[in-house]
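These numbers come from the heavy atoms of this one structure, side chains and all, not from hydrogens, waters or symmetry mates. Order of the sequence lines sets the chain letters (A, B, ...), proteins ahead of strands, with each chain counted from 1.
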Amino acid sequence: MRTPARWRNIGRMSLDVEHDSVRTLPSEKPIRLLDNAGHAVRGAAAGGFELPELDTLLELYRRMVVARRFDVQVTALTKQGRLATYPSAYGQEACEIGAISAIEAQDWFFPTYRDSIALLTRGIDPGDILQSFRGDWHNGYDQHAHRCASQTTPLATQALHAVGLAHAARLRQDPIVAMTYLGDGATSEGDAHEAFNFAAVWQTPTVFLVQNNQFAISVPVSRQTHAVTLADKAIGYGMPGFHVDGNDVAAMYAVTRAAVGRARSGGGPTLIEGLTYRIESHTNSDDPTRYRSARDVEHWKRRDPIERLEKYLVSEGALTESLRAEMTDAAEAVAAHTRDVMTTEAELDPLELFDHVYARPRATLLEQRARLEAELAEAATHAGAAAPHAGAAR
Amino acid sequence: MRTPARWRNIGRMSLDVEHDSVRTLPSEKPIRLLDNAGHAVRGAAAGGFELPELDTLLELYRRMVVARRFDVQVTALTKQGRLATYPSAYGQEACEIGAISAIEAQDWFFPTYRDSIALLTRGIDPGDILQSFRGDWHNGYDQHAHRCASQTTPLATQALHAVGLAHAARLRQDPIVAMTYLGDGATSEGDAHEAFNFAAVWQTPTVFLVQNNQFAISVPVSRQTHAVTLADKAIGYGMPGFHVDGNDVAAMYAVTRAAVGRARSGGGPTLIEGLTYRIESHTNSDDPTRYRSARDVEHWKRRDPIERLEKYLVSEGALTESLRAEMTDAAEAVAAHTRDVMTTEAELDPLELFDHVYARPRATLLEQRARLEAELAEAATHAGAAAPHAGAAR
Amino acid sequence: MTATTTEHETPAASAPTQLTMAGALNAALRDAMAADDRVVVYGEDVGPLGGVFRVTDGLQARFGEDRIWDSPLAESGIVGTAIGMAMYGMRPVVEMQFDAFSYPAFEQMVSHVAKMRNRTKGRMTLPMVVRIPCAGAIGGVEHHSDSSEAYWTATPGLTVVMPSNPADAYSMLREAIDSDDPVVFMEPKSRYWSKAPLTLPVTTAPMDRAVVEREGTDVTLLGYGPTVRTALEAADAAEAEGLSIEVVDLRSLSPFDDETVGASVRKTSRAAVIHEAAQFGGYGAEVAARVTERNFHHLAAPVLRVTGFDIPYPSPKLEEHYLPTADRVLAALDTWEWDD
Amino acid sequence: MTATTTEHETPAASAPTQLTMAGALNAALRDAMAADDRVVVYGEDVGPLGGVFRVTDGLQARFGEDRIWDSPLAESGIVGTAIGMAMYGMRPVVEMQFDAFSYPAFEQMVSHVAKMRNRTKGRMTLPMVVRIPCAGAIGGVEHHSDSSEAYWTATPGLTVVMPSNPADAYSMLREAIDSDDPVVFMEPKSRYWSKAPLTLPVTTAPMDRAVVEREGTDVTLLGYGPTVRTALEAADAAEAEGLSIEVVDLRSLSPFDDETVGASVRKTSRAAVIHEAAQFGGYGAEVAARVTERNFHHLAAPVLRVTGFDIPYPSPKLEEHYLPTADRVLAALDTWEWDD
Ligand SMILES: Cc1ncc(C[n+]2csc(CCOP(=O)(O)OP(=O)(O)O)c2C)c(N)n1
Ligand SMILES: Cc1ncc(C[n+]2csc(CCOP(=O)(O)OP(=O)(O)O)c2C)c(N)n1
Ligand SMILES: [Mg+2]
Ligand SMILES: [Mg+2]
């Protein structure tokens, strides 16, 4: 493990010490490569980042269009009672898609409950993503196959997992980056601090994306921090921090891509704040009229990340009608598949409750399993049904 | 509660927002008012702070001399087995005394296990301070009388108490400041982050002093942070941060005094790092030869905070021989008193174990108490002793 | 349970209205805040939103942001600052959004909240309440249905109570806020919307007492929070089969009311305790152990535990298989050797 | 207990030497690190200092900083990053300096370590060990003598073990590190310096089994960690009075070895469990409850709990009054109606 130069031999030296820690204040104005009118931004406001190639932008656009369609579909299914809950990322597509698109297949992703569309972009089947929100099982996809940890609810806890995994990869000398998303609210948790700090001290290849969607359920970000930006926190850990326009997918992609590259080449962690807005309610059981005005929401709807990129792509002549139609079709196909899987009730086996608690079955659990099995059998008999686990179907 | 201007109405405004959060990087070179040779420092290196009046410096000197003598005495008593443990602050007197001297009688102090000499300076009797380290009871002084919380071992937890108390005082409109000390190691704990953050968001009158004595037991500060200074953390909370020469009591006093004034007048919290060194072992059960060299310790002994101020006071003609003798006498008196109280075994009543667990006695505890009482009585009978609680004396 | 008029200094009694448990808790907070300006309320989303379960609905509009406010999102911070506020003489009432989200505050709870009075020989007391919406059966996704009571009850220095109905919810929360000791106040989420006709203010039995909810002669069922209803359902069903079940609502988990429970068990000579939490190391173990210790020679059969399985709380679609039901209670009673 | 030759892939056996429990643990870590380079060790002060109890003494010099290192001072960070490392296939062994300092990691332990396998249907496993120097009787100042086992044993998904002697310390730690499930490995501080002649590597009974340490016919004493010695002392003293005591070392707290314990209790018909932790809600409650449930009609008397009082752990000068002693065990047995 490397000792930062700043502290090296501090005992023997004078108080004046050199260092290689990063100490540059993030720009107060969020870094932006495309403005809301879809015009390219250059110069200081772009923070030294370059607008990605048109091909890349088209692909980001396609991903956002698919993600949006999926998100809208799932919200609709939730309103129909098909899901127990769904935390929508409507409006946050630039953050969600820009950042996830910056990592490679071998990299790992540590998402929150909010980040279903990033998982979709990562190639996970809608049915697998939504198993948890439908209430079938806590997590429904193969973490190892997709290199995506399960969506985490206890806030900021997964950031530490990302740091640990990144550190393990580094010890194994695997060129792997771990990216994790956090909400603005989650930055207040002790675990966020510990994750930033461990990452910086160990110089792990970790990229932290704070999606500042300006609310933690009902609580505005003004109640979470007194700092000028959430990216300012990076200073306290000696790592680079970037304050980015989170509704500009070009900027989100460019900045995260740079951070991923830096991490992969041994440059350590980066903290990125994407300033965005949650257009939908926190989850379906939330009532946002209690804490924010329709006017605010309208204001942010007019800053839509997809429309912004679309304007640019159209003005560049890159987004042809046929491309657009193709993307819409792809999005509709995902929505249709999502409807299909979510309207087919899964066969659940209640006895599986006992199967994954420990590697080796415990006697007590086997006893309890046997009792439930007997109950289910009896229920099936009473119901006159032939199926052994009739209790499971509902 | 005030909303920081930075975030006010953020929903409705453009991304360009004003703010009143502090975002000035602490000086990389620690603020210093007296250099190691005892010469006054002026200009940029003094960070805009003024050397305190000679009277004040003399008083700070006196307090450090007394504190040092006390500390040395207690370490000696500990080696004689009179205390279960004692975490010495030898070498940290400038931090300990400078900061505690900056608060007023009505203010509150939230110390760690390391900060016995600050409590002494606050006027608490040595016997009361040391009750806990002697092993008599967890805490031995009257918190309310001295406005000093008990010395806290679970790291960084007391910082949150300080913030809560400060907030309560502010809600009650009492002009009270809460000061808390933390170690460099403790800044890594989630609670440190939460304390800094709550204080900044609520703008509580709290002063955080991080005593960076460069070790957390055996772990050097290079393993705690990758930041340039620990004071850099302040930026992430939008509060002022100061990096101070923690062996310069003049600077420690001046900077903490300013922070206390700012806090009292509604200006919110401040984070101060005092860069110092722990000369003694972590506690008597530690073996520092395992993790640091004698040379390092010697280097820091040559930066002694008391000698530094002494040089200045002597050069100014302020520290007369009679004054010095008076101070030595005072210090010896404290040492003698400490010896006295620590060599007289306290009468402990084991039955008191049950008296302070709940406001109202619980039936089960009374049963357990009765059982212990019977045991003690029997032991006394067997021992042929007349005293009812012979078990207590050892 | 008898609902008598109150000793609390609260607004005058009004006509009985149907109140949910959430409504009763809301009223208790309101009345406590009105009666004592040292009472402050904070936590996550307790302000404009009124809490995710609406227990603090309307309170910020009424009392202002200096009495009830949204804190940063950090549970250790919430409990830790509440300790400091209580030290200064305030009476903070803080909310943990769900059991599992109290865990970040565990160190503050165990190392400080529980120990402060003792550490300081009673000089420093912490009159504070930590409200925890608890347990499951609401179709919540993972981490939203934990039962955390065993962690708190295993911690000397904490007082842990759990009401099962609106009247107790009101009365016990008022008493908890008035208490000079810290109280872990657990609110069974699945009962938030259960209703009862109430005239406020209401004072029920002291919060450290168990209450016999239904008298019986053959078996004592011990429930708390959500499982009191389960016990009553089991008692109803058993009556049809000629079995007379006494149901005791424990109400206070720590301290445990040995007197009330012991009297019932000595009468019936058989007992079972019901809870949602997993069995192994759950609170029911303490109940079974102490009831047995103190009444062994009165017991005709072992004290049974009808509980969740020894597994993490299941996903929404499977929770029905996990939760103890009246049927399971009756099936458990069948395992006793009844001829003894 | 029989110490047979090992199945672990470790250096060849050497002549027996006197080893302390701390030394045996150190050897277990050393051998596990040598055998499997996925094993990494970190925590507070485990590097150059060798841990405050010297359990990791010399390991950094031997294996280098990439295998064992000092982490930042943050327990949630330590456990949380260990989870990530385990996800990647490493086998982290992390140290919490004292029971009470594991509390900041509580959320990571309960919401992730315990649940990860279950949440992911066994796809994501966490082969990690959390070492916790536990319990008291070492004259430690406050917060240094907690007994935290009840918190972990109440959490489904955790495996919790506690050795009481050097041979078990070695064997069980090797087994814990080899386990594909997370293990809370509790090390009784007061036994760190207890010695036994050992030939390493040693393999004792599997870590999920209780072991009969001493045979007897009249009473079964159930101890674990520091209280096994207490039980043996009580057995010695009782022998003089003609009472034959069987002593069982539980070793595994979760799972509980019902078989071994049940067989003993059915033989003796009387049992008591001994632990340092407070009684109320302590681990002894589970022991008493399940032993009674499963063996009620074999029991001549209630299962007793000889434990600490229901108070926070006392200061050094008062701890002797708190700790369960052999005398207290014998006094407790006297409360049984022996004529039954
Ligand atoms: C430790 C913890 N405390 C509380 C909660 C309850 N909770 C779920 S989401 C949420 C708000 C999170 O806000 P933010 O981090 O900004 O993420 P967002 O939902 O806006 O994406 C809260 C309080 C939780 N999940 N975990
Ligand atoms: C939460 C917690 N974890 C671990 C410990 C054990 N411990 C006691 S002091 C100490 C080092 C603290 O270092 P620092 O904060 O720099 O303070 P210093 O002792 O140098 O004054 C540790 C690890 C503790 N007291 N609390
Ligand atoms: Mg948010
Ligand atoms: Mg230090």
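- Interatomic distance, H226(A) NE2 to F198(B) CZ, rounded to the nearest 0.5 Å: 15.5 Å.
- To the nearest 0.5 angstrom, D191(B) atom CG is 8.5 Å from E194(A) atom CD.
- Nearest heavy atom pair, residue N197(A) against residue S188(B), reads ND2-OG, 3.3 Å.
- The two residues S21(A) and A227(B) come nearest to each other via the heavy atoms OG-C, 4.1 Å.
- Atom CZ of R290(A) has more than 12 heavy atoms from other residues, nucleotides or ligands within 6.0 Å.
- For the pair H193(A) (side chain) and T187(B) (backbone), a donor-acceptor distance under 3.5 Å is present.
- Residue contact with chain B, scored on non-hydrogen atoms closer than 4.5 Å, involves the backbone and the side chain of P26(A) alike.
- Of the listed residues Q224(B), M239(B), E298(B), the one with more heavy-atom pairs under 4.5 angstrom with chain A than any other is Q224(B).
- A heavy-atom distance below 4.5 Å is not found between the side chains of K233(B) and K233(A).
- For V41(B), the side chain to side chain contact (heavy atoms under 4.5 Å, CB included) criterion is met by R32(B), D35(B), A45(B), not counting sequence neighbours.
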**Request:** In sequence, state the C-alpha distance, the side-chain angles, and the governing distance for I235(A) and R23(B), and then conclude on side-chain contact (heavy atoms from CB on, under 4.5 Å).
**Result:** CA-CA 10 Å; I235(A) 305 278; R23(B) 214 190 184 209; over 6 Å; no
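- In this structure, D232(B) CG and D232(A) CG are separated by 11.5 Å, a value rounded to the nearest 0.5 Å.
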